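Residue numbers begin at 1 in each chain, while the letters A, B, ... track the order of the sequences. Just so it is clear, the model here is predicted, and its values are computed rather than measured.
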Amino acid sequence: MKTRRERPPFYGLMAEFDNPTDVVTAARAVHEAGYRRIDAFSPYPIEELSEAVGMHTTKMSLIVLIGGLIGLIGGYGMQYYLSVINYPLNVGGKPLNSWPAFIPITFETTVLCAALAGIFGMLALNGLPEPYHPVFNTPNFALASRDRFFLLIESRDDNFDRTQTAEFLRSLGPREVTDVEY
Amino acid sequence: MPQIFHRSTNTLAKLSIFGGLFILAFAAWALAEINRSSWNTGAYVERQQPVQFSHKHHVGDDGIDCRYCHTSVETSASAGMPPTKTCMNCHSQIWSDSPYLEPVRTSWRENRPIEWTRVHDLPDYAYFNHSIHVNKGVGCSTCHGRVDQMPIVYQYASLQMEWCLECHRDPARYLRPREQVFNMEWRPENKSAAELQEGRELFAKYHVRHKAILQSCSTCHR
Amino acid sequence: MSTIDHPHDDVGIHVTPYPVIEPGHTFGSVTDKISALTLQRRTPLWWFIAFGISFALTNVLMFSIGYLVLTGIGVWGNNIPVGWAFDIINFVWWIGIGHAGTLISAILLLLRQNWRTSINRFAEAMTLFAVACAGIFPLFHTGRPWLAIYWLFPYPNTMNIWPNFRSPLMWDVFAVSTYATVSALFWFVGLIPDFATLRDRAQSRPFKIVYGMLSLGWRGSAKHWARYEALYLLLAGLATPLVLSVHTIVSFDFAVGVLPGWHATIFPPYFVAGAIYAGFAMVLTLTIPLRKLFHLEDFITMRHLRNSAKVMLATGLIVAYGYMMEAFTAWYSGSEYEGFMMKNRIWGGPYWWAYMLLILCNVLIPQILWAKRMRHNTLVLFAVSLVVGVGMWLERFVIIVTSLHRDFLPSAWAMYRPTIIDFTTFFGTIGLFLTLLLLFIRFLPVISIFEMRTILPQAEVKEEEA
Amino acid sequence: MHIKDTLPALYKIRRPLKAEDVRARLAAKQGKEYWRSLEELAASEEFEEFLHREFPRQAGEWDDEPSRRTFLKVMGASLALAGLAGCSYQPPETIVPYVRQPEELVPGKPLFFATAMPHTKGATGLLVRSNEGRPTHAEGNDLHPGSLGAADVFSIASILTLYDPDRSETVQYRGEIRPYTSFLADVRTTLDALKAKQGAGLRILTETVTSPSVAALLKQITTALPQARWHSYEPAGAHAATQGAALAFGQPVHTIYRFDRADRVLSLDADFLAAGPGELRYARDFIDRRRVIEGKSEMNRLYVVETTPTNTGAKADHRFAVRPSELEQFTRALAVAVGAQNTPALVGSAPHPDAIAAIAKDLQGARGKSIVIPGDYAPPTVHALAHAMNAALGNTGQTVVYTDPLAFYPNNQPVDQIADLRALVGDIDAGAVEMLLIVGGNPAYNAPVDLAFRDKLKKLFDQKKLTAHLGLHFDETSEWCQWHVPEAHFLEAWGDARAYDGTVSIIQPLIAPLYRGRSALEFLSALTDTPEKSGYDIVRDFWRTQPQMSGDFERAWRRAVHDGLIAGTALPEKTVALSASASSQAASAPAAAVGSGQFEIVFRPDPSVYDGRYANNGWLQELPKPLTKLCWDNAAHISPATARKLFNVDNQEDIATYKGIEYMAPVVTLSYRGQTIKAPVFILPGQPDDVVTVHLGYGRTRVGRVGAGTAQQPVGFDAYQLRFADAPWTATGAQVAATADSYQLVGTQLHFNMEGRDIVRSETLEEYRRGRDDAQSEHVVGSDARTGDEGVGRAGPGVGKEVHKEPGVNETLYYNYDYVGYKWGMAIDTTACVGCNACVIACQSENNIPVVGKEQVARRREMHWLRIDAYFKGLAENPEGVYFMPVPCMHCENAPCEPVCPVNATVHDAEGTNNMVYNRCVGTRYCSNNCPYKVRRFNFLRYQDFETESLKLMRNPEVSVRSRGVMEKCTYCIQRIQAAKIESEKEAGRQVRDGEIQTACQSACPTNAIVFGNLNDRNSMVARWQHEPRAYGVLTELNTRPRTQYLSELRNPNPEIRGA
């Protein structure tokens, strides 16, 4: 998180909307207006919204793939090493490297590692857990998990100007626009 | 809407995840170490005996051969513990009135055995046979350490299965000529290429069985 | 995203009279109604009664296990040749039940069956608790659980000995533990936004803090949602083959053996189908009373019940096919042992009654679900789901006990009789299951709130001219 | 289920002997012979005193071998105790070396000592293994004529009796504990009084005496006191044989049969293969002549006429079931047919007339090479006729040899023991008995019921007459004797005994008496002037005077003790002539007619507990009886037809009820001459109709925790209650009535039908000769004789379904392991197996196998590593077989049990044996489920007794003692394999020689039915056997590749007899 760097007086401007359509239109407008340090908040996932705030790819698939590969190689490798190299035992006349019998466990380790990679990847990319966040200072923000939709422009945005930006936001027809304190 | 948490909790929250992982890893490592520590294996722990018998003195200084007391080491599974009579062979003449030896004399007089504390105690399901090891060129000191330097005998090796396997999987590293088996000074392990070469020759010469047999379960467990 | 009365996003073919959610709900009403279930101050009386009973049963389980561990497997009825009995029967039964949850939350998600949203959270919880109950048996059916509990894992030990990765039991260890882990995480990930909702609704500070921690500071950011949705879909994609693999591997416990009645290639598909069968039966067994008690008829509509019924009907037929194929291959193989096994199982042997009951419960009775009237009668559905639950337990009894008790050498044949402890252990796990379930419905949202929001009409972003 | 139901181990159900008890006894100077460990023992000065008393001369000096050895046994005892498997934490141990170590004893190396198990029908020579001074295992003595290296169940199980914690430990006077000296004092005073009357009123009651020194001692006593009388009574004695001999020859003779010379054998109700005398030797000789192997294609032929199924009947080529009342008639008809000397013409008709002619013809075809052998329990006339037939067939002197009587009698005049006992009873009534010493035996329990011996004892007891009983246990007889003196086990005391052929063995002890035991010799010497003379001295002094040991006595003695027998003591042959009166006398005894609705009861000693003397031996109690596989109980055996009649049902299965898994047998009442007992019914095919067989030896009320039943949990029923002095073996005209009750019988096999499966293969000699290859050899398929439903029957060529083929070695995607060096394997010849169970007990003794108790057997949790399967064949009414099949672990090369174990607890070793690593096992039981042979055994509860000290001494230190929760199974006696390998390795790594390793079962087997060895050695016996045309593997179609193979069963029926 941003420390030491002497921070602007307040975090940003938050516009509050009460239906998904408005917030998406607003977000698109803000983005077209050249704002980049923006974010929107909604009670449920809205594909259009994330695109509107300029998010087009998530790296999740890649992360999960890598995790899966690690599990795959690790799983089979472990079984091979332990039953062929480390302590070879004649088990019921089966070959030391009974590869067909090693498949189930390999599969399980693959899935396990993939899933773990995915979940921790998601948390990492989202910067979670993050119990404290400035946006929570927004007065009505509790409704972001109910039926309100919020659009945020951070004060650190290059084009940010307290008054003009606020004006611009109001022009998008929100219920209200509020300052988000640090 | 007021904040529920303070800023600092962000760092804490993130740390706690890694911390958790770290603690788990540490616990695993610690367990493994404890398992192998002498606290668990009993290695390097000197055991008090009813008679303060010093191997250092008898073997190191007097140079008495192991087999003088441990008579059956070449013929039987058990190396054999000397009967009181063995002690009395000498100590009826020398040190015949030393207070240290009173328990021995009592034993002899009252026909009551001396109760020694067991130092090397294998699990009952592991069947170790001294004679075969000695006959195949495994030296006393390989497993028992420099007994000739121990005033009070302690367990030299961990006696854990992985320790047994270390040799059973590659005996050549530890074999020595039969005539050197009871030689305490002999090198504990064949390290240099030449030594290993000798080990391999002895391996063949003494018809030591191959790895597959030596690490078969039935070799040690009945 | 989809809306109501769209004919083709339903497993049924014809236009459906029932919506996924009763009309008239708003984001707010959905949110408030569901979160109220957990946040409301006073707990209903029936909850205390139910909890009391199931908790008592849980203690019976604890006693039984304690006694078992102190005395030995001999307190059960197992013997030679019947080395496995109630222990593994219960294990397979519970694992099977677990499957429905993952199926609903993962597979139906991939199939874009949005009617699942109101029952998936609940079904996933059921999965977790069922797996927890199942997990008890592989451990405590061993003669020396105090060693099995760690010897079954490949860790560098002082004996330098490793597990045998060729053993189906070893596969079980990995499959079940993976399954438990992934389901748990899947479930938790699904809960994060709802925790946030509760955090923002909770009145008392302790609740705020607890839910706040659990929500990991979720704030509904659009970027987060994007990654979240991506992950959720990926997890569903992983969970789907996983859930299939788990019961496949469970069936390997038998299919890999040489025993007539076990050594059958049909087992994996037939076990998976059976698992889903039993799972949906359990879902119905639990949801039908639940929606009544919590007045959730709006969210868990007849459509859900009816669809579950249809799934049961389908899987039930697959299972019936499995029974047929078992008998057929036994005859077709020409192996005298297989042939005898089947004869002994169906009418020759002392356990014929088990097989007959099994056919009655799993094949005959469920056929009444063909009738629409029956599918729409919650009482009938409830009854049938119970019957199927019993039937699926009997299926495992038949497979395990009747195959074992008379195998190759007649000299070794014997009978099996369960003991009291066998029963207390079994019913004890049911107690444990219900206990966990009751705690869940009291303290966590039984329905995924944020997903409910998505299926509301107003959730759609109305696009003006492109 | 109640907690109690889950506590099985017999010694554990009841109070285990606690350490403090022992200390208490030590303090009370009572338990000086019972010590927990060497320390405690050596510490007690009682021991020193006891030592000097037991070995007055030897205690100090060391020149005399045996006594010193005995001494060392004591000192060495308990040095090393077998341990627990899988127990993780070990308490700190101490090492207790000897004070003076014997030179021949090497710690960790077992020693073997020759001794002999005395038995009234002839002693069995034994080699007993001693680990650090603890006798742990008994095997046969190759040099001994009555053993030839084999042993019977009783001798092997005697090890357990030795350590039986229930053995009586103290001398008792009317129930209170007294020192032995006061007993001696009491005897002394009474004796002095009697001396005046030349000992009139002194009575000694013994069992049949086969010990020369005991006989000599008794003679010495009776000569010193002419009026004293020595009676002998043996419940299962060979009375009929003695009388029969008298009938035939007018003089007492003992008959010895030479089966090694016989081609045709006719058994008249004789179970000579499994029940003495000389059964070990007879079985060996008989089977050797029957074994078709390595080109040899000659077989002897066995006809068995019997009144109840026996092992011998099971091996018969032709078996004829007759009622006891018909036996004599049958014999008589046969005697006429073979033209036995002056046999009167047949009165009435005989059963199986057509067979008789054929048998006679067959026997005559083998003059001098046939044997007609009458059973000990057949009536005297049958014996007489048999003698006559043997004479007529020219067998006398060839295959049948006569000698003087084996047993000793007062002034060498064989007496009818029952009459003898009756005389004693009469004298007691007449008040002529002042003092009665009962040396061993248990007459109060096993005397004929009409003699009411127990009441007579009570009478003496109330009259405060001096009565004393010497016994291993405080039993029914001890209860009503003034004095009870604990008897020393034969492994604890010196003695001697005769084998079936008269050869005498010196019985040498391997351990000092664990309890204050006295041998019969020491007990009897109380009546001499040297009351405390040690048995050792008595035996030596006796033999010093004997011709066989003249010359250098010490050398002869050492030799005798070392070899386990005294050379040249076999009874000399003796020629006897049939007395003319013989058969006419026989004729005067007409066959008793049996009224309709009446039954005949056949009494037999039990195959497991004999006449009841082994009732407290857990191994024997749990030993499945050869034909019925029942254990822990005896039962009334009846034929299926009789069962149907008795309970009037159409299918005899209906009479049995199942309570859960328990087979609840219906109970009937047996009434005879006003005596009535209740007995559970067991339906035994081959049993003649209207004949009920009951076995003696059960229903003990006072013996120990194992053998003595309670009202709630009886251990069998007491058949002696129906046994009358004049009808010891068959009661004709008995009543049998069904009752509503049922009783739980437990067995280790409930299904005797092979279901048409290819399990035990059998073929006739003809078929074999025709060179039918095994693939087509007909399987023994048949009906479950107990259910009576008919099976596939004999599948002729073409008729039978095709035999499953074993897949070829290379029909696999995987590679095969090649076993360089050793490749252990076993071969079992089913033709040779007589089902005597010796292997089962030997395995139990060698491998520390626990006893689980009746309720656990009912749950099918018996622990025997080796079982003998029994299958009937043919129709229920007249079945063939049973066919015996010993089933150890098959040690499959592709063992199905191994891949399924999650923790690698059962894997192959490099020599191809299937190892079971107890300490790794977590007990999933998956391996057992996946074992097609079901040879694995699981410790469902803690069956091993870790508390009872004496049982710890018994265990084999070379085998891990398994605790609760682990799987176990046959290991091919891996401990013996390893021991032999280590010895050979030390000799410049030479190979183990063939026959150097003998598994416990193999060495116990009287007929050499089991061979074990290295399959890689083409010349090894096992390799040769496995290449026999008769060799086959069981269930090989599963591609298990069993290392244990079987040789099919061959029968040699007489083509002239139908149904062959």
Quiz item: Minimum heavy-atom separation for C217(B) to V907(D), with atom names?
Solution: SG-CG2, 3.4 Å
Quiz prompt | E74(B), part contacting chain D, at a heavy-atom distance under 4.5 Å | solution = backbone
Quiz item: Given Y127(B) and E958(D), is the side-chain contact (heavy atoms from CB on, under 4.5 Å) satisfied, shown in steps?
Solution: CA-CA 8 Å; Y127(B) 289 82; E958(D) 292 305 310; 4.1 Å; yes
Quiz item: Minimum heavy-atom separation for P107(D) to S76(B), with atom names?
Solution: O-OG, 2.5 Å
Self-check item: Shortest non-hydrogen contact from T75(B) toward E983(D)
Solution: O-OE2, 4.4 Å
Self-check item: Neighbour count above 12 (heavy atom, 6.0 Å) for Y100(B) OH
Solution: no
Quiz item: Among M916(D), K109(D), Q978(D), Q975(D), who wins on heavy-atom pairs under 4.5 Å with chain B?
Solution: Q978(D)
Self-check item: Gap separating the CD1 atom of I982(D) from the NE2 atom of H133(B), nearest 0.5 angstrom
Solution: 8.5 Å
Quiz item: Just wondering, more than 12 heavy atoms not from Q52(B) lying within 6.0 Å of its CD?
Solution: no
Self-check item: Test item: K981(D) and R209(B) side chains (from C-beta on) under 4.5 Å apart, heavy atoms
Solution: no
Self-check item: CZ-CG distance between R222(B) and N848(D), expressed to the nearest 0.5 angstrom
Solution: 13.5 Å
Exercise. Would you indicate whether the side-chain heavy atoms of N135(B) and E985(D) approach each other to under 4.5 Å?
Key: no
Quiz prompt | Atom OH of Y156(B) with >12 non-hydrogen neighbours under 6.0 angstrom | solution = no
Exercise. Calculate, to the nearest 0.5 Å, the distance between atoms OH and CZ belonging to Y125(B) and R962(D) respectively.
Key: 15.5 Å
Practice problem: Compare every heavy atom of D124(B) with every heavy atom of S960(D), then report the nearest pair and how far apart it is. | Solution: OG-O, 4.4 Å
Self-check item: Option that, when pairs with chain D are counted at under 4.5 Å, heavy atom only, ranks first among I213(B), L214(B), T86(B)
Solution: I213(B)
Quiz item: Do other residues, nucleotides or ligands put more than 12 heavy atoms under 6.0 Å from the CZ atom of F26(B)?
Solution: no
Practice problem: Please examine the side chains of P113(B) and Y98(D), heavy atoms only from C-beta on, and report whether any two atoms are closer than 4.5 Å. | Solution: no
Quiz item: Yes or no on side-chain contact (heavy atoms from CB on, under 4.5 Å) for V99(D) and E110(B), after CA distance, side-chain angles and deciding distance?
Solution: CA-CA 9 Å; V99(D) 175; E110(B) 300 177 359; over 6 Å; no
Practice problem: Taking all non-hydrogen atoms of both residues into account, name the closest pair between H221(B) and N919(D) and its distance. | Solution: CE1-ND2, 3.5 Å
Quiz item: Is there a donor in the side chain of S131(B) and an acceptor in the side chain of K986(D), or the other way round, less than 3.5 Å apart?
Solution: yes
Quiz item: If you count heavy-atom pairs under 4.5 Å with chain D, which of K136(B), H210(B), K85(B), R47(B) comes out on top?
Solution: K136(B)
Self-check item: Short side-chain donor-acceptor distance under 3.5 Å, S216(B) and D909(D)
Solution: no
